[in-house]
Amino acid sequence: MSHQYTLQLHTGTFTKANYNVAQIQTKCDDLLAHIRGKDIIIGWNTDKESNRQLIDYFHTKGLRVLLWLPVLANNDELCDIKKSECCDGHSGKDFGCPSHLQNAHEVISLYETHFADLPFDGVFLDKIRFASFSQGYEAGFGCFCPSCERELDNGHLDYIKELIQKHDKKLMRGEYDRYGRYHFADSKVNAFYKQRAKIISDLVFKLAAYFNSRKLVVGTDLFAPILAYHVGQNIKEIAAMVDFVKPMMYTHTQAPSGIPYEYEAYIRNFAEPESFSKHFPGGPLSNESLRTQLEYIANLPANIVPGIEINVIQGVCHTDSASVKDHLALFSRYPTIALCWDIMQISDDIISVL
């Protein structure tokens, strides 16, 4: 199958641009001469004139343009996000609280202030989850602020906190269903994780409804299927709320969101991780594991756009043209592939295999 591509362009932080418009146009003129582009996700620099020029440029190339919006990121530059709180009382420095209404309002206010009067075709919701174990053991269980505890409190929070303190293997033991949702063997742990996922799904629903009301396409980032539910992403439920989902099938990234990195961060916190690792004979990147994950996402009720790494970053991402070619074959059933994370950093070698 000849793929078409969703591109990602990291234009910079909210207050500092990575590139100027001319640099982006020069790079993309060359790239789009070699591949079939469908959409481009750009963000999240707020310079309105640059964004307007980029949107106009990509529209002339026949691409839909989506705003890249990191929802629960620590965006102190422009908005007052209420940070998450770990179960040990410390602040979850890298993530906002998903249940606090102030944060949903701040995201919408950020959009309305800096992006609403630009002709974007859609919005791509990133970082719409709890923190993972790569942010720390306690952070990996989500937010325990008063707002979240009210949502989570079914009478078992003291029990859950005791298990967390003991690194109890009950916090890992369970089975996946056909959609990649994880059902924990302990009923109280299962109820806890089910409510965590509801908190994230409720936030996705609120934001998707708002952006849909503005006639915008809505997509969202998901962790890889074996990891998504553990950060609060019920992938079946979220997929039903948006126009497309992008599972992050990052097999070569030794950094947050990479499958090997996140998997290792999870299991190293437990003395007996076999009750979880048994699901991945040969490891999370084995052919069997990847085939299983493909089966999970094939069952989702939305357009699936698998995300693959195309950037070579020393010490972080060791992808190359051969691995990109392998991924294109692996995802041959999907007509659209997302090239992650920044097309400005794509090499000629990798372009040659697209």
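Since the structure is predicted, the reported quantities are computational estimates derived from the model, not experimental observations.
- Within the 4.5 Å cutoff, the side chain of Ile304 has heavy atoms near those of the Pro247 side chain.
- Under a 3.5 Å cut-off, the side chain of Ser323 and the backbone N or O of Thr319 do not form any donor-acceptor pair.
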(message) Does Asp117 form a salt bridge (charged side-chain N to carboxylate O under 4.0 Å, His left out) with Lys48? I'd like the steps, not just the answer.
(response) CA-CA 9 Å; Asp117 58 349; Lys48 284 191 177 182; 3.3 Å; yes
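- Less than 6.0 angstrom separates the ring centroid of Tyr266 from the ring centroid of His230.
- Put simply, CD on Glu151 and NE2 on His100 are 11.5 Å apart, with the number rounded to the nearest 0.5 Å.
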Quick one: side chains of residues 118-128, donor-acceptor pairs under 3.5 Å with protein atoms, not counting sequence neighbours, listed by atom name and distance.
{"residue": "Asp121", "atom": "OD2", "partner": "His59", "partner atom": "NE2", "Å": "2.7"}
{"residue": "Asp121", "atom": "OD2", "partner": "Val65", "partner atom": "N", "Å": "2.7"}
{"residue": "Asp126", "atom": "OD2", "partner": "Trp68", "partner atom": "NE1", "Å": "3.0"}

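- Residue Phe280 qualifies as enclosed at atom CZ: its count of foreign heavy atoms under 6.0 Å is above 12.
- Residues that satisfy the salt bridge (charged side-chain N to carboxylate O under 4.0 Å, His left out) test with Glu175, not counting sequence neighbours, are Lys278.
- A centroid separation of 6.0 Å or more is found between the aromatic rings of Tyr229 and His183.
- Outside the 6.0 Å centre-distance limit, the rings of Phe192 and Tyr159 are not counted as a close aromatic pair.
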Tabulate below the donor-acceptor pairs under 3.5 Å that side-chain atoms of residues 344-354 make, not counting sequence neighbours, or state none.
{"residue": "Gln345", "atom": "NE2", "partner": "Tyr19", "partner atom": "OH", "Å": "2.8"}
{"residue": "Ser347", "atom": "OG", "partner": "Ile350", "partner atom": "N", "Å": "3.3"}
{"residue": "Ser352", "atom": "OG", "partner": "Asp349", "partner atom": "O", "Å": "2.5"}

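- Remark: Lys194 NZ is loosely packed, at most 12 non-hydrogen atoms of other residues, nucleotides or ligands lying under 6.0 Å away.
- In this structure, Arg36 is not positioned above the aromatic face of Tyr5 in the sense of NZ or CZ being under 6.0 Å from the six-membered ring centre and within 45° of the axis.
- For residues 232-243, the side chain to side chain donor-acceptor pair (under 3.5 Å) pairs, not counting sequence neighbours, are Ser201-Glu237.
- The backbone N or O of Ser286 lies less than 3.5 Å from no partner atom in the side chain of Ser289, so there is not a single donor-acceptor pair.
- Looking only at distances, a side-chain donor or acceptor of Gln135 sits under 3.5 Å from a matching main-chain atom of Ser132.
- With a 4.5 Å cut-off on side-chain heavy atoms, Phe130 and Ser84 do not count as touching.
- Contact of the Gln8 side chain with the Ile343 side chain is not registered, since no non-hydrogen atoms from C-beta on lie closer than 4.5 Å.
- The number of heavy atoms from other shown groups lying within 6.0 Å of NZ (Lys161) is above 12.
- Side-chain contact between Ile41 and Leu9 is absent, with no heavy-atom pair separated by less than 4.5 Å.
- Using modelled atom types and a 3.5 Å distance limit, the side chains of Asp186 and Tyr193 yield no donor-acceptor pair.
- At a threshold of 4.0 Å, the pair Asp202-Lys198 counts as salt-bridged, since one of the basic side-chain nitrogens sits closer than that to a carboxylate oxygen.
- Taking the six-membered ring for Trp and thresholds of 30 and 60 degrees, Tyr182 and Phe184 have ring planes more than 60 degrees apart, a perpendicular arrangement.
- The aromatic rings of Phe270 and Phe141 sit perpendicular to each other, their planes meeting at more than 60°, with 30° as the lower class boundary.
- The shortest distance between side-chain heavy atoms of Ile226 and Thr292 does not fall below 4.5 Å.
- Aromatic ring pairs are classed by plane angle as parallel below 30°, tilted from 30° to 60° and perpendicular above 60°; the pair His327 and Phe331 is tilted.
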Determine all donor-acceptor pairs shorter than 3.5 Å in which one atom belongs to a side chain in residues 163-172; sequence neighbours excluded.
{"residue": "His167", "atom": "ND1", "partner": "Asn269", "partner atom": "O", "Å": "2.6"}
{"residue": "Asp168", "atom": "OD1", "partner": "Lys170", "partner atom": "N", "Å": "2.8"}
{"residue": "Lys169", "atom": "NZ", "partner": "Glu272", "partner atom": "OE1", "Å": "3.2"}

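- Taking the six-membered ring where tryptophan is involved, the planes of Tyr176 and His279 are perpendicular, since the angle between them exceeds 60° and thus also 30°.
- Proximity of Ile297 to Gln293: side-chain heavy atoms (C-beta onward) are nowhere separated by under 4.5 Å.
- Of the candidates Met249, Lys246, Met248, His10, Lys246 is the only one forming a side chain to side chain contact (heavy atoms under 4.5 Å, CB included) with Cys340.
- A donor-acceptor contact shorter than 3.5 Å links the side chain of Asn311 to the backbone of Asp342.
- The side-chain heavy atoms of Thr46 and Phe115, taken from C-beta on, include a pair separated by under 4.5 Å.
- In this structure a side-chain-to-backbone donor-acceptor pair under 3.5 Å is present from Asn51 to Asp47.
- When the salt bridge (charged side-chain N to carboxylate O under 4.0 Å, His left out) test is applied to Asp30, no partner is found at least two apart in sequence or on another chain.
- Looking at Val204 and Val242, their side chains come closer than 4.5 Å, going by heavy atoms from C-beta outward.
- A donor-acceptor pair under 3.5 Å is formed between the side chain of Glu309 and the backbone N or O of Thr251.
- Side chains of Glu112 and Tyr210: a donor on one and an acceptor on the other come within 3.5 Å.
- A donor-acceptor contact shorter than 3.5 Å is absent between the side chain of Thr253 and the backbone of Tyr250.
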